[in-house]
Amino acid sequence: MRVVRLLRLRAALTLLGEVPRRPASRGVPGSRRTQKGSGTRWEEEKREDRVKWRQLEHKGPYFAPPYEPLPNGVCFFYDGKPMRLSVKAEEVATFYGRMLDHEYTTKEVFRKNFFNDWRKEMTAEEREVIKSLDKCDFTEIHRYFVDKAAARRVLTREEKQKLKEEAEKLQQEFGYCILDGHREKIGNFKTEPPGLFRGRGDHPKMGMLKRRVMPEDVVINCSRDSKIPKPPAGHQWKEVRSDNTVMWLAAWTESIQNSIKYVMLNPCSKLKGEKAWQKFETARRLRGFVDEIRSQYRADWKSQEMKTRQRAVALYFIDKLALRAGNEKEDGEAADTVGCCSLRVEHVQLHPEADGCQHVVEFDFPGKDSIRYYNRVPVEKPVYKNLQLFMKNKDPQDDLFDRLTTTSLNKHLHELMDGLTAKVFRTYNASVTLQEQLRALTRAEDSIAAKILSYNRANRAVAILCNHQRATSSTFEKSMQNLQTKIQVKKEQVAEARAELRKARAEHKAQGDGKSGSVLEKKRRLLEKLQEQLAWLSVQATDKEENKQVALSTSKLNYLDPRISIAWYVCLGSQFPPVASGGPGFSRGLCSVPALLLSPVSSGVSAGPPCDRDPDAASCVISSPCPERWDGQGEVGVLTVAWDSASSAGPVELSLPTGSGRWLGALLSGHLGHSRLSLTPR
DNA sequence: AATCTCACTTAGAATCATGAGG
DNA sequence: CCTCATGATTCTAAGTGAGATT
């Protein structure tokens, strides 16, 4: 460990105390809203907020390649007989054929919708013959695509290199735009290719044909005086407009739900990064209001008005259980899923006593993406009594909160705090949970393996709170088994090394010479190394098992303020030694730095958009502009990553031990808008 | 005040790339 | 060196919520 470097850290933290405390609202468009009272200024700034750019130039979307008809040898069979299809019908057939090994093709709704839409693409003659999906044989088509995928995998190094270069060229040409003079990466510059709609859960429209997007469907948004993108030869855009109050570059209406799809910037862009940062600032601001809000809704549990009571109970769930708002959905248009405000009587069960607790509410409902929310929670007595009241004389299909809508709830929240909506509670509670769990689970004296496990467990607590699940992978059991075998082998190696060490010690005692001494030292080091490796492996196994059905990525990407991770790392993690051999998953020599932290946030730091910089050349400086905790309570610095630039007079630099950038990078990777950058020690 | 429209965030699955280990 | 499991990235569906329209 490079202790010397750590001394600079201490000096840096001392300096922090002298940095004037930045008013919470400075420089943040979102938090200017604290100025609510002064009418005109508020209105003015609100309008100003709406302008997203002054200059926007891009090449338009890249269109999905045209359909390539099947080679002659690949045939579709109907009722056992080979049948040549028209190009249009064949294209749609390939959409189904390539999905043959997918569960979707076993679902009745999927099959019915597909067949219905497919027949629309057929010629009259084809329609005359093809009358039942059961008589359709797509197996040759399916095999063709399987073989094609296999062929791609075995390409030579050169061929793969060539493909990669082509993709890169495309990315360079269509993947960037110029926004206010800066080259910014676009998130999705390709139009979605045609295919069969893959709705989640019991989606009534699954299997329907999602038709090809044509230039004639696309609206282009760019500045008037920019180079207007050219539509592909022989085509026209639907419209070219110049609306600088929106972030999208292009849009089209999708054929399944008639909703609009947008081409937008990548999360590492300045605009997206600033919005993400604003989101976290709003969540931090809730810290100052949440106690009051909680006592308010507790009081409202006893309100005379049914509407108020329902709102108060719903808000309690949103706050305590991190439920989503639950907007109303048009039925028949999508899978039947609910959130808090749209809960129905059938989704909750009341138990006067369960699991040794009183007043237990059992939730069981399909949430976003039809992910099941199942939870049994003891609630406060008034909540329980209210639920009984809300459920009285209702059918299972009736709304639990029949006097409540997301609109009315959010309207109420607005009155409690500027910018407060239901989803802010999820962000707030997620980040608070991470912070609290990190504090509760980590000790400075823990081993590195234990610290990493603690970090992951804190992340996991958030994912569980937010109900972020994933399908258990088909290979889980096998890979777990492999890991256990590795652990067993390592254990034996440790035992062996321990015996050898004992032997060497005895030998050294007997001989007492330099040679036996160095042997002893060598053995000691070997044992240490093996023990460390064993510790890593068991952490991996524990982590893997605990993570079987939990998805950490979503919470890390969208809910956890990266500043918490950085603060934790600097307080505890910077003791991590340089990564030479690498722990599991920490082998990459790249650091991911969340772009949102690169935006001009602190006094004296004015960082431009991250893509201005050469990612390979940049080095990273960690600065800490304000001596407060994430939630504004306490002593630990809220840290901001800024860029090392010649002009950076403001930020306090923090040097890290050589190699520790990898740890920080591994820790931060997965946080929103990270861009991969090499972190060089200073 | 219900409903619709639009813009934007959040979500899990599918696919891709990479580096640890054979 | 090659393979293959894994984490990263891409994809696009499915949410939230503001504001316009009826």
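Proteins get letters first, then strands, A, B, ... in listed order; numbering begins at 1 in each.
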*Asks:* Between A:Arg344 and A:Asp398, does any NZ, NE, NH1 or NH2 come within less than 4.0 Å of an OD or OE carboxylate oxygen?
*Replies:* no
*Asks:* At under 4.0 Å, does any side-chain N or O of A:Lys52 touch on OP1 or OP2 of B:dC8?
*Replies:*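 For A:Lys52, the contact criterion (side-chain N or O under 4.0 Å from OP1 or OP2 of B:dC8) is met.
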*Asks:* From the list B:dT18, C:dT6, B:dA7, which nucleotide is the closest neighbour of the side chain of A:Ser479?
*Replies:* C:dT6
*Asks:* Between atom CG in A:Leu483 and atom C1' in B:dG21, what is the gap in whole Å?
*Replies:*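 Spelled out: CG on A:Leu483 to C1' on B:dG21 is 14 Å.
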*Asks:* Between the side chain of A:Asn266 and the main-chain N/O of A:Lys185, is any donor-acceptor distance below 3.5 Å?
*Replies:* no
*Asks:* Could you please name the option among B:dT10, B:dA7, C:dA18 that lies closest to any side-chain atom of A:Lys279?
*Replies:* B:dT10
*Asks:* Figure out the CG/P separation between A:Asn547 and B:dG12, and round it to whole Å.
*Replies:*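 Result: 13 Å.
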*Asks:* Can a salt bridge be assigned to the pair A:Arg457 and A:Glu546 using a cut-off of 4.0 Å between side-chain N and carboxylate O?
*Replies:* yes
*Asks:* Tell me, please, which residues at least two apart from A:Phe174 pass ring pair (Phe, Tyr, Trp, His ring centres under 6.0 Å).
*Replies:*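 Checked A:Phe174 against ring pair (Phe, Tyr, Trp, His ring centres under 6.0 Å); matches are A:Tyr62.
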*Asks:* Taking only N and O in the side chain of A:Lys160, is any of them less than 4.0 Å away from OP1 or OP2 of B:dA17?
*Replies:* no
*Asks:* Would you mind classifying the nucleic acid contact of A:Glu254 as base, sugar-phosphate or nothing, using non-hydrogen atoms under 4.0 angstrom?
*Replies:* nothing
*Asks:* Does any pair with a residue in residues 148-167 of chain A pass ring-ring contact (aromatic ring centres under 6.0 Å, His included), and if so which ones, sequence neighbours excluded?
*Replies:* none
*Asks:* Is the phosphate of B:dG12 approached by A:Thr554 (side-chain N or O, under 4.0 Å from OP1 or OP2)?
*Replies:*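 Checking A:Thr554 against B:dG12: at least one side-chain N or O falls below 4.0 Å of OP1 or OP2.
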*Asks:* At a heavy-atom distance below 4.0 Å, what parts of residues 317-327 of chain A sit against DNA chain C?
*Replies:* A:Arg324, A:Ala325, A:Gly326, A:Asn327
*Asks:* Please assess A:Lys210 against A:Glu192 for the test salt bridge (Lys or Arg N to Asp or Glu O under 4.0 Å), listing each intermediate value before the final yes or no.
*Replies:* CA-CA 9 Å; A:Lys210 195 170 76 163; A:Glu192 293 171 16; 3.0 Å; yes
*Asks:* Taking for each residue the nucleotide of DNA chain B with the nearest heavy atom, is it A:Arg241 or A:His102 whose nucleotide lies nearer the 5' end?
*Replies:* A:Arg241
*Asks:* Reckon A:Arg153 touches a base, only the sugar-phosphate, or nothing at all at heavy-atom distances under 4.0 Å?
*Replies:* nothing
*Asks:* Considering residues at least two apart in sequence or located in another chain, which fulfil the side-chain contact (heavy atoms from CB on, under 4.5 Å) criterion with A:Lys238?
*Replies:* A:Val219
*Asks:* Flag the pair A:Glu477 and A:Lys548 as a salt bridge only when some basic side-chain nitrogen lies within less than 4.0 angstrom of an acidic carboxylate oxygen.
*Replies:*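 Answer for the salt bridge query: yes.
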*Asks:* B:dT10 C1' sits how many Å from A:Lys423 NZ, rounded?
*Replies:* 8 Å
*Asks:* Mind checking if A:Ala422 touches a base, just sugar-phosphate, or nothing, with heavy atoms under 4.0 Å?
*Replies:* sugar-phosphate
*Asks:* Considering only side-chain heavy atoms of A:Arg426, which listed nucleotide, B:dA11, B:dC8, C:dA18, is closest?
*Replies:*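 Per side-chain heavy atoms of A:Arg426, the pick is B:dA11.
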*Asks:* A:His102: which residues meet the ring pair (Phe, Tyr, Trp, His ring centres under 6.0 Å) condition with it, sequence neighbours left out?
*Replies:*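 A:Tyr104.
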*Asks:* 5'-most contact on DNA chain B: A:Thr405 or A:Arg152, nearest heavy atom basis?
*Replies:* A:Thr405
*Asks:* Apply side chain to side chain contact (heavy atoms under 4.5 Å, CB included) to A:Thr94 and A:Tyr67, showing your working.
*Replies:* CA-CA 10 Å; A:Thr94 64; A:Tyr67 176 64; 3.3 Å; yes
*Asks:* Indicate, with a heavy-atom threshold strictly under 4.0 Å, whether A:Tyr559 touches base, sugar-phosphate, or nothing.
*Replies:*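 Result for A:Tyr559 = sugar-phosphate.
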*Asks:* Rounded to the nearest Å, what distance is computed from the CG atom of residue A:Leu552 to the C1' atom of nucleotide C:dG7?
*Replies:* 12 Å
*Asks:* If you apply the rule ring pair (Phe, Tyr, Trp, His ring centres under 6.0 Å), what do you find for A:His347 with A:Tyr373, and how did you get there?
*Replies:* CA-CA 10 Å; A:His347 298 132; A:Tyr373 183 92; over 10 Å; no
*Asks:* How close or far is atom C1' of B:dC4 from atom NZ of A:Lys329, stated in whole angstroms?
*Replies:* 17 Å
*Asks:* Counting any heavy atom closer than 4.0 Å, what does A:Thr253 reach on the DNA or RNA strands: base, sugar-phosphate only, or nothing?
*Replies:*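 No contact at all - A:Thr253 keeps every heavy atom at 4.0 Å or more from the nucleic acid.
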*Asks:* Going by side-chain contact (heavy atoms from CB on, under 4.5 Å), name the residues that satisfy it together with A:Leu163, two or more places apart in sequence or in a different chain.
*Replies:* A:Arg152, A:Leu155, A:Glu166
*Asks:* Residues two or more places apart in sequence or in another chain: which of them pass side-chain contact (heavy atoms from CB on, under 4.5 Å) with A:Ser473?
*Replies:*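 Applying side-chain contact (heavy atoms from CB on, under 4.5 Å) to A:Ser473 gives A:Thr475, A:Phe476.
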*Asks:* Are there any protein N/O atoms within less than 3.5 Å of an N/O atom in nucleotides 20-22 of chain C, and if so, which ones and at what distance?
*Replies:*
none

*Asks:* Does A:Lys164 form a salt bridge (Lys or Arg N to Asp or Glu O under 4.0 Å) with A:Glu168? I'd like the steps, not just the answer.
*Replies:* CA-CA 6 Å; A:Lys164 206 174 157 188; A:Glu168 180 55 29; over 6 Å; no
*Asks:* Starting at atom CG of A:Asp243, determine the distance to atom C1' of B:dC8, rounded to an integer number of angstrom.
*Replies:*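 It is 14 Å, rounded to the nearest whole Å.
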*Asks:* Rounded to the Å, how far apart are A:Asn258 CG and C:dA13 C1'?
*Replies:* 16 Å
*Asks:* Have a look at A:Thr337 and say if it touches a base, only the backbone sugar-phosphate, or nothing, with a 4.0 Å heavy-atom cut-off.
*Replies:*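 Sugar-phosphate, no base atom in range.
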*Asks:* For C:dA14, take OP1 and OP2 only and decide whether either is under 4.0 Å from a side-chain N or O of A:His203.
*Replies:* yes
*Asks:* Less than 4.0 Å between a side-chain N and a carboxylate O, is that true for A:Glu305 and A:Arg403?
*Replies:*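 Answer for the salt bridge query: no.
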*Asks:* Indicate the atoms forming the closest heavy-atom contact of A:Lys52 with A:Asp180, along with that distance.
*Replies:*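 Nearest heavy atoms, A:Lys52 then A:Asp180: O-OD2, 4.5 Å.
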*Asks:* Output all residues satisfying side-chain contact (heavy atoms from CB on, under 4.5 Å) with A:Asn113, sequence neighbours left out; order by chain, then residue number.
*Replies:*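 In terms of side-chain contact (heavy atoms from CB on, under 4.5 Å), with neighbours along the sequence ignored, A:Asn113 is linked to A:Val109, A:Met208.
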*Asks:* Below 3.5 Å between N/O atoms, which protein atoms pair up with nucleotides 10-12 of chain C? Just atom names and distances, please.
*Replies:*
none

*Asks:* Which of residues 363-375 of chain A have a heavy atom under 4.0 Å from DNA chain B?
*Replies:* A:Lys368, A:Asp369, A:Ile371
*Asks:* Could you tell me whether A:Lys544 contacts a base, only the sugar-phosphate backbone, or nothing, with contacts defined as non-hydrogen atoms closer than 4.0 Å?
*Replies:*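 Here A:Lys544 touches the backbone only, sparing every base.
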*Asks:* Given A:His142, which of A:Thr105, A:Asp147, A:Leu100 fulfils the side-chain contact (heavy atoms from CB on, under 4.5 Å) condition?
*Replies:* A:Leu100
*Asks:* Quick one: label A:Lys478 by what it contacts on the DNA or RNA (base, sugar-phosphate, nothing), any heavy atom closer than 4.0 Å.
*Replies:* sugar-phosphate
*Asks:* Can you pull out the residues from residues 463-473 of chain A that lie within a 4.0 Å heavy-atom distance of DNA chain B?
*Replies:* A:Asn467, A:His468, A:Gln469, A:Arg470, A:Ala471
*Asks:* Please give, in whole Å, the distance from B:dA14 P to A:Arg198 CZ?
*Replies:* 6 Å
*Asks:* Start at the 5' end of DNA chain C and walk down; is the nucleotide closest to A:Gln257 or to A:Val424 reached first?
*Replies:* A:Gln257
*Asks:* Start with the C-alpha distance between A:Phe363 and A:Phe317, add both sets of side-chain angles, then the distance that settles ring pair (Phe, Tyr, Trp, His ring centres under 6.0 Å), and finish with yes or no.
*Replies:* CA-CA 11 Å; A:Phe363 293 85; A:Phe317 289 158; 5.0 Å; yes
